[in-house]
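When reading the values below, keep in mind they use all heavy atoms of this one structure, side chains included, and skip hydrogens, waters and symmetry mates. In the text below, chain A, chain B and the rest are named by the order of the sequence lines, each starting its count at 1. Here the structure is a predicted model, which means the values were calculated and not measured.
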Amino acid sequence: MIYQPYQPKDFEKKWQDEWDKNKTYKSAVRNSSSKKKQYVLAMFPYPSGAGLHVGHVRVYTGTDVTARFFRMSGYDTLHPMGFDAFGLPAENAAIKAKKNPMDMVPEHIATFKKQMKSLGLSYDWDREFATTDPSYYKWTQWLFIQFYKMGLLYKKDTPINYCPVCKTGLAEEEVLPNGTHERCGNKITKKDLPQWIFKITKYADRLLSDLDGLNWPEGILAMQRNWIGRKEGVIINHKVDGTDIQLNTFSAYPAWLFADTFIVIAPEHPLVSKLIKGTKYEKDALAFIEEHKQMTQQEILSGNFEKKGVFTGKYALDPFNNNRKMPIWLANFALMDFGTGIIRCSAHDIRDYEFAQKYKIELNEVVDRIDSKIPVNAHDNSGILKKSGPFTGRNIDQKLIQDVLDWIEKTKIGKREVSYHLRDWIFSRQRYWGEPIPMVFCEKCAKNQVKSQKSKVKSEMAGWFPVPENELPLKLPYIKSYEPTETGESPLSTVADWVNTKCPHCGGPAKRETDTMPNWAGSCWYFLAFPFWNQEKENSEFKIKNLELNENWKLKIKNFGEWLPVDRYLGGAEHAVLHLLYARFWVKALYDLKLLDFKEPFLQLNNVGMILAEDHRKMSKSWGNVINPDDVIAEYGADALRIYEMFMAPFNTEIPWSTKALQGAYRFVKRVWDIYQKNQNSNIKREKEDVKLISKLNKTIRKVTADIPETKFNTSIAAMMEFLNDWESTAGVSRDQNVLSVENAKQFLRILAPFAPFITEEIWRTVFGEKTSIHLSSWPTATEDLVEEELTIPVQVDGKFRSTIKIEGKKIKDRSHVEQEAKKDEKVKKYLGEKKYKAIYVTGKILNFITN
RNA sequence: GUCAGAGUGGUGAAAUUGGCAUACACGCAGGAUUUAGGAUCCUGUGCCUGAAUAAGGCGUGAGGGUUCAAGUCCCUCCUCUGACACCA
């Protein structure tokens, strides 16, 4: 055969089609198999109009390498792909393009799929779906109803971001950091609208404690722990002087409670109106509350606002100090959604201290100052207490804190309490492009339920009923105008024939919920769907039986649940909290519903680092520094792109793109091509194999085998490059290419296959004439090193490296032999001289002579 | 401020977990081939002193410590990145 230069264009398309046609990457049918499995998943993409980004290529290639490795290693491997197509970005893009997202999304998905195939990603496409498919969101809606039925959802008036100029409700993402609307630049306010809310806080403790068993990056675990923000402390009850009002405060630093001299309360706290009603302070307080309302979330979060407050005219009685009177203030730094919204304040907190100085509120310190300018900070939890009742004179330590807590409970001043940073999850969006929330409101039933003494339905929930399950999916109507409405309500509220329906309870006229679900909904359970998302099965076994959804779900989990949970999940750290937390939450709730039998969705998590542009900025159209994977593939081929992205840096580090370095990867792929082309032209005989080269090959196999499961793709490739260097030079020296047997040449090709699926397949089939895909061949096992005749041992004198000596492999454990050999070495002689020494020999690693 | 991660050549980075620091790659320099450029191949490439492919010294953010031996372990500090942040 004549030498052919490397031309990836000549064969990449051919193999894509072949793999497609033969369903090479179809996952095994898995039911009650005892065979080991790997469910390898990349966070699925939102299919934007821009197509795949080189950043996508990085995660998907890493995931693909992992899946291919396990597939070849004999695991049942599930490696699916789908599309997260609901949500704001898609909707805004569609508004801009003046199209309905329903028409646009399929186009974008087609582009993504085409690109994914051109990259050689080994997905089982039979399981593909988009979260926007009614057959998928039928289940999302059904799950919503299950969660509703178990009491995890409630509806409540909640402030949302609202643009008074555009007259529209906004998502958090649309609010710029300076508190203005990203589209019109006007200041955003809050508006109360009824919202569906998920009681994720009910699972706070389990979401926290179950983190312990996960093989996740430490940083992500820490972020989740932080976000949940569990804090142990006490709730203290106070009477308000001259009223029957009771105020509860939360404190995480019980040792310092005797120091508190005043109380602040969040302006939006429901007890405020009661405190100020009819007093001479009312007018000022109301003005203050109004001013506070005008503050945007951003101003509050920026921390740059002035700490302000007004006196309510009322006093709380301090149970720690003989009912000493504590003035109650409204303060703009008190948060309604942390603790109880009411704080006991003292000199031992910088913020409280400054506030008290400003308004000349009396203070009382219980620990002597170290720095004369400021009081000791309670967060330090150290010092000796004074003026602290029974605890005066005691040192602040764990024992004291426990004693204080016991005392508080014994005297019934208050009780131990746990507080969380985690808040309930606002699940409503006043937007078009999301799963319609499958709930119906009936005014008549609502009235009846409120009237009825027997009804246990809370007034806010009265009249709400889930859409009957046999009506699912509740399809999103195809409409022309779906832009946000003037009232801040969902655009669906304007579609009369969709809104008006029958009450599932009384059959009378009723209205549908017009809010849609947030972007997160579809991604909360998609990984559960892949194992059973197989159209053949859908159509035959499950559809024909026409089971109730509940039975249908259970049957699916029973038959295909063996794939679950996900063994390896790969994706960006930007989802560290929200997506990962929400998905964990749903899985736990489903476990409680007995719809799943495991508690954590993702056993191992690996983060992928972002790829920056060559100029070290983020890739962005406006900078004009975007690298399009299609262009790279056209010029260098998919294999070179894959190899480069796996080799560029450790998988989880952020890294700028480098076209030069890409060319290095391209050279490597080309050299692989060339050496096999040369091999093809020589008659290879096993007996001519080079022993050292085979030893190197086995080391390489061992290295790659160990590295891939640890996502150390860069060092895998470095090892293979080393091997290729050796192979080339050995072949060069021996002046014929008979240095590796066909079997061994194939072994190297197989360990390269997960990284470079096209070139390896092409060589496998054309050079070696194989009939079935290399990707279905089995992963090579490294054999024990064939005798290494000589080993190199470094020799130190007094801890300084001086020389190396060669020792026969057999004698490597012979300590005195190694020592004698070392003493023959000229350099060692020079430094060691005639001095007395002690020798430390670590077998096979190092020899160190110590003379002093 | 809190939490997490990271500081190694001109650059991206390695280092079988305490044992020859800088593998692999990019870049650069010199050479071969070429009308030329590109591509390809070969050689060299941490820093300093040296004519040197002689010899030596110094080197993993800074400083200290443990050890025969430290990029790796311990203490103090500095810088950068990310996330959260008026959290009571």
Determine whether the aromatic ring centres of residues A/Phe262 and A/Tyr359 are separated by less than 6.0 angstrom.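 Centroid distance A/Tyr359-A/Phe262: not below 6.0 Å, so no.
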Centroid separation A/His421 to A/Trp227 less than 6.0 Å: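 Aromatic pair counts; centres sit under 6.0 Å.
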Whom does B/A25 pair with, Watson-Crick or G-U wobble, provided both distances fall under 3.5 Å?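 Its partner is B/U11 (Watson-Crick or G-U wobble, both distances under 3.5 Å).
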Can you tell me if the side-chain N/O atoms of [X] get under 4.0 Å from OP1 or OP2 in [N]?
| X | N | result |
| --- | --- | --- |
| A/Lys827 | B/C20 | no |
| A/Arg351 | B/C87 | yes |
| A/Tyr831 | B/G56 | yes |
| A/Asn226 | B/U2 | no |
| A/Arg225 | B/C3 | no |
| A/Asn725 | B/A25 | yes |

Of all the choices, B/A13, B/C3, B/A39, which nucleotide is nearest to the side chain of A/Lys670 once you look at every atom?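 Ranking B/A13, B/C3, B/A39 by closest atom to the A/Lys670 side chain puts B/A39 first.
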Hey, which of A/Trp657, A/Tyr666, A/Tyr636 is the one that makes ring-ring contact (aromatic ring centres under 6.0 Å, His included) with A/Tyr644?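 Among A/Trp657, A/Tyr666, A/Tyr636, the one that satisfies the ring-ring contact (aromatic ring centres under 6.0 Å, His included) with A/Tyr644 is A/Trp657.
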Calculate the interatomic distance between A/Ile717 atom CD1 and B/G12 atom P; express it in whole Å.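 About 19 Å, once rounded to whole Å.
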Rounded to the nearest Å, what distance is computed from the CG atom of residue A/Asn848 to the P atom of nucleotide B/C20?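 From A/Asn848 CG to B/C20 P: 12 Å.
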Hey, is the main chain of A/Leu247 close enough, under 3.5 Å, to the side chain of A/His238 for a donor-acceptor pair?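 Yes, because the side chain of A/His238 sits within donor-acceptor range (under 3.5 Å) of the backbone of A/Leu247.
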When rounded to the nearest Å, what value does the distance between P atoms of B/A13 and B/G61 take?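 My reading of the P atoms in B/A13 and B/G61 gives 14 Å.
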Please tell me which of A/Arg667 and A/Gly799 maps to the more 5' nucleotide of RNA chain B, matching each residue to the nucleotide holding its nearest heavy atom.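 The residue whose closest nucleotide sits nearer the 5' end is A/Arg667.
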